[in-house]
S.K.: 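Provided herewith is a single structure, encoded as structure tokens, for subsequent inquiry.
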Amino acid sequence: MSELLKIVEDIENEFNLGPKVQFWRVKRNSKKPSLYVVLPDTLGFTAYLESLGICFESTSNELVRQQNGIVSKIEISDLKRIVQKDIQNLPDVNEEGITKNEILSMVMTNEARLFKVKGLLEFLPLRKFEWIKSNESTGYFFYLNGVVRVEASKIEIVPYNTIEGHIWESQIINRNFELIEPKGSDWADFLFKASGETNELIANLNASLGYILHSFKDSANAYLVLFGEAVADSNLGGGAGKGLTGAGISKIANTAFKDMRQYSSSDAFKWSMVNQETAVFILSDLKQNFDHQILYNLITEGFEVNKKNEPVAIYPFADSPKLLASTNYSLDSDSGHGGRRVRLVEFSQHWNQNNTPDKYYGKLFFDQWDEIEWKQFDSYMLLCVAQYLKNGFPKIKESSTSKRKRIMNKPGMYDLVEWVNNYNSSEFKSFANIYLDYSTSKHVTGKPIGKNVWLARLEDAISILKDKQYEVAENGSVKSIKIW
């Protein structure tokens with residue numbers, strides 16, 4: 001039997017003894033003791049709940065239950081069922097001659113008083129838990145048969161009772177772990193094909209998975225992982241495997257999702273799906289020209305989360321989730337903050353709307369996997385963590401396809417590229433004259449690019465055209481340009 005299942009069994013055995021602390025009192029008629037009423041003992045009731053591990057968690061101020069190092073959030077309805085179950089395990093009649101049904105009736109009669117968060121329950125303790133956390137060199141993952149400790153050179157399973165600290169119940173992955181060879185598995189093959197079957201890109205994807213799953217956060221190496229597509233036309237994107245890879249991450253780490261097609265910077269509750277247990281936050285489908293710089297505070301400083309009818313929750317950098325975004329478009333991951341904070345992972349067009357993994361492999365990933373396939377999946381993902389701990393997450397050069405897509409998404413670029421392709425000047429021309437040649441050209445079908453950004457756009461256009469060059473000469477404040 002697994003260590004975790006032993007813990008659960010011990011807890012169930014404890015329940016069979018009934019309440020450890022009496023939370024009722026008997027008031028008898030002084031003249032006729034056979035007449036009595038069962039009343040709640042409020043001090044006894046809070047002491048009883050404390051004996052069950054019921055308290056408030058200090059950061060979230062949420063009602064939780066701690067059992068053998070496992071902390072779970074509970075609702076008032078859960079609390080009522082716990083109390084009812086304990087009462088049912090009492091003797092039919094106790095030493096005072098009181099039946100368990102009379103005690104249950106007392107609880108039901110005083111339900112509003114006993115189970116009111118803004119009342120009696122406020123007197124429960126506020127507890128700060130010491131959480132088991134990954135560190136710079138080690139990642140911890142919690143399976144049914146033990147804690148999987150991942151280091152750069154080894155992966156091992158250790159018993160729960162050898163690790164001091166607490167974990168959230170939601171961190172427990174509901175399956176057993178066994179390290180086996182993942183090579184040849186459907187999951188490994190899917191990712192290899194998604195990476196265009198190139199060693200550099202699969203290594204980059206694996207590094208991104210290791211980084212995302214390793215919950216330790218280093219402010220010097222905090223990134224927005226960006227799942228993009230190696231396709232020149234954004235309209236041809238989609239179905240490349242980005243979403244399925246994100247779903248795979250959610251099978252290991254607590255993950256919150258945000259559909260960025262519905263994003264509004266003015267929405268006060270835009271990050272409300274994030275909570276204290278969230279390890280990974282996936283922002284899917286960033287829109288064209290999305291300014292990813294608005295995410296940098298989330299990457300480097302932490303989260304401020306507003307939820308309706310709840311106090312604002314502040315999650316500092318070390319306790320906030322890692323960020324993963326996906327898009328069919330290109331974001332500038334080379335210049336400025338993007339060069340330091342964005343790690344681009346490009347997916348090929350092997351998988352698409354007509355060639356889907358479920359059709360190719362003949363099964364739905366996750367839903368139709370057997371035990372061996374899950375073990376191969378878990379082994380692959382945790383080996384990615386070990387590889388990340390060994391090699392880090394180096395930045396790779398943006399592909400020419402991605403660069404072209406990013407540049408061509410800028411306003412006016414199609415017209416400018418067409419103009420540059422058909423323009424030659426053997427001699428330098430003043431900026432004013434060459435800009436006039438461009439803006440009055442038949443190739444400019446829409447609004448011309450403004451003078452203040454035209455030179456930068458020209459550099460972009462030349463960078464994706466193999467057969468064109470340009471040179472800028474300056475004489476004081478006067479610029480002259482030659483294109484050939």
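Just so it is clear, the values below take in all heavy atoms, side chains as well, and ignore hydrogens, waters and symmetry mates.
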S.K.: Could you check whether any side-chain heavy atom of N135 comes within less than 4.5 Å of a side-chain heavy atom of S137, counting everything from C-beta outward?
M.R.: yes

S.K.: Return yes if some donor-acceptor pair links the side-chain N/O of T46 with the main-chain N/O of L43 below 3.5 Å, else return no.
M.R.: yes

S.K.: I need the minimum non-hydrogen distance between A461 and V417, along with the two atoms involved.
M.R.: CB-CG2, 4.0 Å

S.K.: Can you tell which of I54, V117, L52 makes a side chain to side chain contact (heavy atoms under 4.5 Å, CB included) with L79?
M.R.: I54

S.K.: Just wondering, do N61 and L126 contact through their side chains at under 4.5 Å, heavy atoms?
M.R.: yes

S.K.: Rounded to the nearest 0.5 Å, what's the gap from CG on L244 to CG on D358? Could you check?
M.R.: 9.0 Å

S.K.: So is K251 actually on top of F377's ring, under 6.0 Å and inside 45° of the axis?
M.R.: no

S.K.: Is the shortest side-chain heavy-atom distance between I155 and V385 below 4.5 Å?
M.R.: no

S.K.: Would you confirm whether E151, through its side chain, and S153, through its main-chain N or O, come within 3.5 Å as a donor-acceptor pair?
M.R.: no

S.K.: Tell me, do V280 and I252 make a side-chain contact under 4.5 Å, heavy atoms counted?
M.R.: no

S.K.: What's the separation between atom CD in Q66 and atom NE2 in H166, rounded to the nearest 0.5 Å?
M.R.: 4.0 Å

S.K.: Determine whether F257 and L324 make a side-chain contact, defined as any pair of heavy atoms from C-beta on separated by less than 4.5 Å.
M.R.: no

S.K.: Would you name the heavy atoms of I87 and I103 that are closest together and state the gap between them?
M.R.: CD1-CG2, 4.0 Å

S.K.: Measure from the side-chain N and O atoms of S326 to the backbone N and O of D285, and report whether any donor-acceptor pair falls under 3.5 Å.
M.R.: yes

S.K.: Using the rule ring pair (Phe, Tyr, Trp, His ring centres under 6.0 Å), only one of Y361, Y360, F365, F347 pairs with F190; which is it?
M.R.: F365

S.K.: Using 0.5 Å steps for rounding, measure from the CG atom of L224 to the CD1 atom of I299.
M.R.: 4.5 Å

S.K.: Among D378, I172, I157, which one satisfies side chain to side chain contact (heavy atoms under 4.5 Å, CB included) with Y143?
M.R.: D378

S.K.: Sequence neighbours left out, what passes ring pair (Phe, Tyr, Trp, His ring centres under 6.0 Å) with W168? Give chain and number order.
M.R.: W131

S.K.: If you round to the nearest 0.5 Å, how far is CG of L295 from CG of L286?
M.R.: 7.0 Å

S.K.: When you compare the side chain of V64 with that of C55, does any pair of heavy atoms fall below 4.5 Å?
M.R.: yes

S.K.: Among residues at least two apart in sequence or on other chains, which ones pass salt bridge (Lys or Arg N to Asp or Glu O under 4.0 Å) with E373?
M.R.: K363

S.K.: In Å, rounded to the nearest 0.5 Å, how long is the span from CD of Q84 to CG of N89?
M.R.: 11.0 Å

S.K.: List the steps, then state whether side chain to side chain contact (heavy atoms under 4.5 Å, CB included) holds for L179 with L382.
M.R.: CA-CA 9 Å; L179 184 62; L382 297 200; over 6 Å; no

S.K.: With a distance cut-off below 6.0 Å to the six-membered ring centre and an angular limit of 45° from the axis, does R343 pair with Y223 as a cation-pi contact?
M.R.: yes

S.K.: Keeping S134 on the side-chain end and Y140 on the backbone end, is there a donor-acceptor pair under 3.5 Å?
M.R.: yes

S.K.: Do D460 and S463 meet the criterion of a side-chain donor-acceptor pair at a distance under 3.5 Å?
M.R.: no

S.K.: Tell me whether N352 contacts the main-chain N or O of Q349 through its side chain, where contact means a donor paired with an acceptor under 3.5 Å.
M.R.: yes

S.K.: Please report the shortest heavy-atom distance between M381 and L209, naming the atom on each side.
M.R.: SD-CD1, 4.1 Å

S.K.: Using atom types as modelled and distance alone, determine if a side-chain donor or acceptor of T278 lies under 3.5 Å from a backbone N or O of T255.
M.R.: no

S.K.: Just jot down the ring pair (Phe, Tyr, Trp, His ring centres under 6.0 Å) partners of H350, sequence neighbours excluded, or say none.
M.R.: none

S.K.: Please check if atom CE in M108 has more than 12 non-hydrogen atoms from other residues, nucleotides or ligands closer than 6.0 Å.
M.R.: no

S.K.: Taking the side chain as every heavy atom from C-beta outward, state whether L205 and I202 have any pair of such atoms under 4.5 Å apart.
M.R.: yes

S.K.: Answer yes or no: is there a donor N or O on one side and an acceptor on the other, between the side chain of R341 and the main chain of A222, under 3.5 Å?
M.R.: yes

S.K.: Rounded to the nearest 0.5 Å, what separates atom CG in L344 from atom CG in N204?
M.R.: 7.5 Å

S.K.: With sequence neighbours excluded, what pairs up with F45 under the ring pair (Phe, Tyr, Trp, His ring centres under 6.0 Å) test?
M.R.: F23, F115

S.K.: F141 and F177: aromatic ring centres closer than 6.0 Å?
M.R.: no

S.K.: I'd like to know if the side chain of E181 and the backbone of K183 have a donor-acceptor N/O pair within less than 3.5 Å.
M.R.: yes

S.K.: Give me the atom names and distance for the closest heavy-atom approach of Q387 to N391.
M.R.: NE2-ND2, 2.6 Å

S.K.: For the pair T162 (side chain) and P159 (backbone), establish whether a donor and an acceptor sit closer than 3.5 Å, ignoring hydrogens and angles.
M.R.: yes

S.K.: Taking side chain as C-beta onward, heavy atoms only, is K73 less than 4.5 Å from N275?
M.R.: yes

S.K.: Without placing hydrogens or testing angles, list every side-chain donor-acceptor pair under 3.5 Å for residues 313-322, not counting sequence neighbours.
M.R.:
{"from": "Y315", "atom 1": "OH", "to": "Q276", "atom 2": "N", "distance (Å)": "3.3"}
{"from": "D319", "atom 1": "OD1", "to": "K133", "atom 2": "NZ", "distance (Å)": "2.6"}
{"from": "S320", "atom 1": "OG", "to": "K217", "atom 2": "NZ", "distance (Å)": "2.9"}
{"from": "S320", "atom 1": "OG", "to": "F317", "atom 2": "O", "distance (Å)": "2.9"}
{"from": "K322", "atom 1": "NZ", "to": "Y211", "atom 2": "O", "distance (Å)": "2.6"}
{"from": "K322", "atom 1": "NZ", "to": "H214", "atom 2": "O", "distance (Å)": "2.5"}
{"from": "K322", "atom 1": "NZ", "to": "F216", "atom 2": "O", "distance (Å)": "3.1"}

S.K.: Taking K100 for its side chain and Q88 for its backbone only, find out whether a donor-acceptor pair lies under 3.5 Å.
M.R.: yes

S.K.: Show, in sequence, the C-alpha distance, side-chain angles and deciding distance for I464 and M408, and conclude whether the side chain to side chain contact (heavy atoms under 4.5 Å, CB included) test is met.
M.R.: CA-CA 9 Å; I464 63 173; M408 295 303 289; 3.7 Å; yes

S.K.: Under 3.5 Å, is there a donor-acceptor pair between the N328 and K242 side chains?
M.R.: yes

S.K.: Once you measure the plane-to-plane angle for F290 and Y263, does it fall in the parallel (<30°), tilted (30-60°) or perpendicular (>60°) bin?
M.R.: perpendicular

S.K.: Name all residues meeting the salt bridge (Lys or Arg N to Asp or Glu O under 4.0 Å) criterion together with K80; count only those two or more places apart in sequence or in a different chain, and write none if there are none.
M.R.: E111

S.K.: Ignoring hydrogens, what is the shortest heavy-atom contact between L213 and A253? Give both atom names and the distance.
M.R.: CD2-CB, 4.1 Å

S.K.: Do E277 and Q171 meet the criterion of a side-chain donor-acceptor pair at a distance under 3.5 Å?
M.R.: no

S.K.: So which atom in A207 and which in Y388 form the shortest heavy-atom distance, rounded to 0.1 Å?
M.R.: O-CD1, 4.1 Å

S.K.: Think K258 forms a cation-pi with F281, using NZ or CZ under 6.0 Å from the six-ring centre and within 45 degrees of its axis?
M.R.: no

S.K.: Test side chain to side chain contact (heavy atoms under 4.5 Å, CB included) on V148 and I173 and set out the steps.
M.R.: CA-CA 11 Å; V148 181; I173 301 166; over 6 Å; no

